[in-house]
Enquirer: 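My structure is below; once you've seen it, I'll send some questions.
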Amino acid sequence: MGDVHGDLNAFRHAIATKRFIIQLGDLVDHGPDSAGVLETMLDLLETRRGMFVLGNHDRKLGRALEGRRLRRDLPLETTLKQIQASTAEDLANRSYQAIARAPAWQRLDNMLFVHGGFHTAMLSGPPPQTGLADMSAPLSRALFGETTSRLQPDGYPERRLSWINRIPEGTTVYVGHDRRSLDGRPLHRTGRLGGKAIFMDLGAGKGGHLAWIDLNDF
């Protein structure tokens, strides 16, 4: 399942299934009810019906809840206010604990689930114990993808997709973060080595849609 970004209504529809949910990060910010999305994901975790990999917005929220000094922006401030106003029991602490434990990537056989982008180290070792710790090259790729030194017209860093060419044949990487699709469906790309990347972010919480794919290999 792609980025949710606070779109609780879409999230509730997407999890109305008996399948196990693997969500690709960025649960919060931008949409109308990030607190409700967090509460719903906590329920999935506690009942062992789903999991999420860490997204950059989730990490920023976790570090804010940890009390770190960081650059605050309107989406983060709105999420923090929603958490504070929530009637859910101890939502801030429970959300922090879940974010601190969320893996930066998850590998299942020939499939890799990650928020931002692929790094070859993801095939040879586990993610860091917590994604809230110091940054490393694989963690940076997992959270932010691959960036250039330039900014786009919207002010966000320009991102490139050369990491797709390093995915080995037989491996499929499911990724969020980048809204690359132009036709309302997840975008499929094949790299030079024969590996595949599937981009799942369709803009939920930002005027777009929440995408998911049913996997039948398990």
Side-chain angles (χ1 to χ4, degrees), residues 1-5 20-29 34 37-38 41-42 44-46 48-73 75-76 79-80 83 91-148 156-157 159-168 171-178 191 195-201:
M1 184 184 304
D3 303 31
V4 177
H5 279 302
F20 186 85
I21 304 297
I22 300 178
Q23 197 276 329
L24 296 176
D26 277 6
L27 291 164
V28 299
D29 296 345
S34 291
V37 169
L38 287 168
M41 177 52 76
L42 288 169
L44 291 175
L45 291 169
E46 291 164 3
R48 299 185 178 182
R49 293 185 293 125
M51 63 163 290
F52 70 101
V53 297
L54 190 67
N56 57 301
H57 284 260
D58 310 313
R59 183 178 190 266
K60 192 169 186 179
L61 172 61
R63 289 166 69 85
L65 293 172
E66 204 172 46
R68 292 178 180 257
R69 295 182 63 184
L70 69 164
R71 184 177 63 85
R72 301 292 185 98
D73 52 30
L76 174 61
T79 294
L80 289 169
I83 292 172
L91 182 60
N93 181 60
R94 291 165 60 221
S95 297
Y96 169 74
Q97 296 296 332
I99 291 169
R101 291 192 298 265
W105 61 84
Q106 179 70 53
R107 187 181 178 191
L108 296 175
D109 293 338
N110 63 344
M111 297 183 292
L112 185 80
F113 304 90
V114 65
H115 178 67
F118 169 75
H119 191 289
T120 53
M122 297 172 184
L123 299 179
S124 59
Q129 188 172 7
T130 176
L132 299 183
D134 293 339
M135 195 62 66
S136 65
L139 179 58
S140 177
R141 184 67 54 76
L143 294 170
F144 303 107
E146 190 172 11
T147 61
T148 71
Y156 287 95
R159 292 192 282 266
R160 58 187 179 186
L161 300 178
S162 57
W163 55 264
I164 296 175
N165 293 320
R166 294 188 284 274
I167 304 172
T171 297
T172 300
V173 177
Y174 293 87
V175 64
H177 193 52
D178 275 317
K196 298 179 180 179
I198 301 179
F199 292 85
M200 298 294 299
D201 184 4

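Just so we're clear, the structure is a prediction, and the values are computed from it rather than from any experiment.
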Enquirer: Ile22 versus Met51: any side-chain heavy-atom pair under 4.5 Å?
Expert: yes

Enquirer: If you take all heavy atoms of Pro138 and Trp105, which pair is closest and at what distance?
Expert: CB-CH2, 3.8 Å

Enquirer: For Ser95 and Leu38, indicate whether the former's side chain and the latter's backbone hold a donor-acceptor pair under 3.5 Å.
Expert: no

Enquirer: Is the shortest side-chain heavy-atom distance between Arg94 and Tyr96 below 4.5 Å?
Expert: no

Enquirer: Does Arg59 come within less than 4.0 Å of Glu66, counting only side-chain N to carboxylate O?
Expert: no

Enquirer: Working note: Thr171 + Asn110, criterion side-chain hydrogen bond (donor to acceptor under 3.5 Å, both in side chains); need CA distance, chi angles, decisive distance, verdict.
Expert: CA-CA 5 Å; Thr171 297; Asn110 63 344; over 6 Å; no

Enquirer: Side-chain contact test, heavy atoms from C-beta onward, threshold under 4.5 Å: evaluate it for Val28 versus His5 and give yes or no.
Expert: no

Enquirer: Show your reasoning for whether side-chain contact (heavy atoms from CB on, under 4.5 Å) applies to His115 and Phe52.
Expert: CA-CA 9 Å; His115 178 67; Phe52 70 101; over 6 Å; no

Enquirer: Can you tell me how far the OG atom of Ser34 sits from the CE atom of Met41, to the nearest 0.5 Å?
Expert: 12.5 Å

Enquirer: Are any of the side-chain heavy atoms of Leu65 and Leu80 separated by less than 4.5 Å?
Expert: yes

Enquirer: Can any side-chain N or O of Arg63 pair as donor or acceptor with the backbone N or O of Leu132 at less than 3.5 Å?
Expert: yes

Enquirer: Can you tell if the side chain of Leu112 reaches within under 4.5 Å of the side chain of Tyr174, non-hydrogen atoms only?
Expert: no

Enquirer: Give a yes or no answer on whether the side chain of Arg107 reaches the backbone of Leu123 with a donor-acceptor pair at less than 3.5 Å.
Expert: yes

Enquirer: Once rounded to the nearest 0.5 Å, what's the spacing between atom CG of Asp134 and atom CG of Leu139?
Expert: 9.5 Å

Enquirer: Would you find a donor on one side and an acceptor on the other, under 3.5 Å apart, between the side chain of Gln23 and the backbone of Gly2?
Expert: yes

Enquirer: Starting from the C-alpha separation in whole Å, work towards a yes-or-no answer on side-chain contact (heavy atoms from CB on, under 4.5 Å) for Asp58 and Val53.
Expert: CA-CA 9 Å; Asp58 310 313; Val53 297; over 6 Å; no

Enquirer: Side-chain contact, heavy-atom cut-off 4.5 Å: Leu61 with Thr79?
Expert: yes

Enquirer: For Glu146 and Trp163, indicate whether the former's side chain and the latter's backbone hold a donor-acceptor pair under 3.5 Å.
Expert: yes

Enquirer: Are Lys60 and Asp73 ion-paired here, with the side-chain N under 4.0 Å from a carboxylate O?
Expert: yes

Enquirer: If you take all heavy atoms of Ala104 and Ala142, which pair is closest and at what distance?
Expert: O-CB, 3.6 Å

Enquirer: Give, for atom CE of Met122 and atom CZ of Arg141, the distance between the pair rounded to the nearest 0.5 Å.
Expert: 7.5 Å

Enquirer: Out of curiosity, Leu54 CG to Asp26 CG, how far, rounded to the nearest 0.5 Å?
Expert: 8.5 Å

Enquirer: Verify whether one side chain among His177 and Asp3 offers a donor that lies under 3.5 Å from an acceptor in the other.
Expert: no

Enquirer: Compare every heavy atom of Pro127 with every heavy atom of Pro103, then report the nearest pair and how far apart it is.
Expert: CB-CG, 4.0 Å

Enquirer: Is there a donor in the side chain of Asp29 and an acceptor in the side chain of His57, or the other way round, less than 3.5 Å apart?
Expert: yes

Enquirer: Would you confirm whether Asp178, through its side chain, and Asp201, through its main-chain N or O, come within 3.5 Å as a donor-acceptor pair?
Expert: no

Enquirer: Minimum heavy-atom separation for Leu91 to Leu42, with atom names?
Expert: CD1-CD1, 3.6 Å

Enquirer: Between NE2 of His119 and CD1 of Ile167, what distance do you get to the nearest 0.5 Å?
Expert: 13.0 Å

Enquirer: State, with a plain yes or no, whether a side-chain heavy atom of Leu24 is found less than 4.5 Å away from one of Val175.
Expert: no

Enquirer: Hey, is the main chain of Ala133 close enough, under 3.5 Å, to the side chain of Thr130 for a donor-acceptor pair?
Expert: no

Enquirer: How many angstroms lie between atom NZ of Lys196 and atom CZ of Phe118, to the nearest 0.5 angstrom?
Expert: 15.5 Å

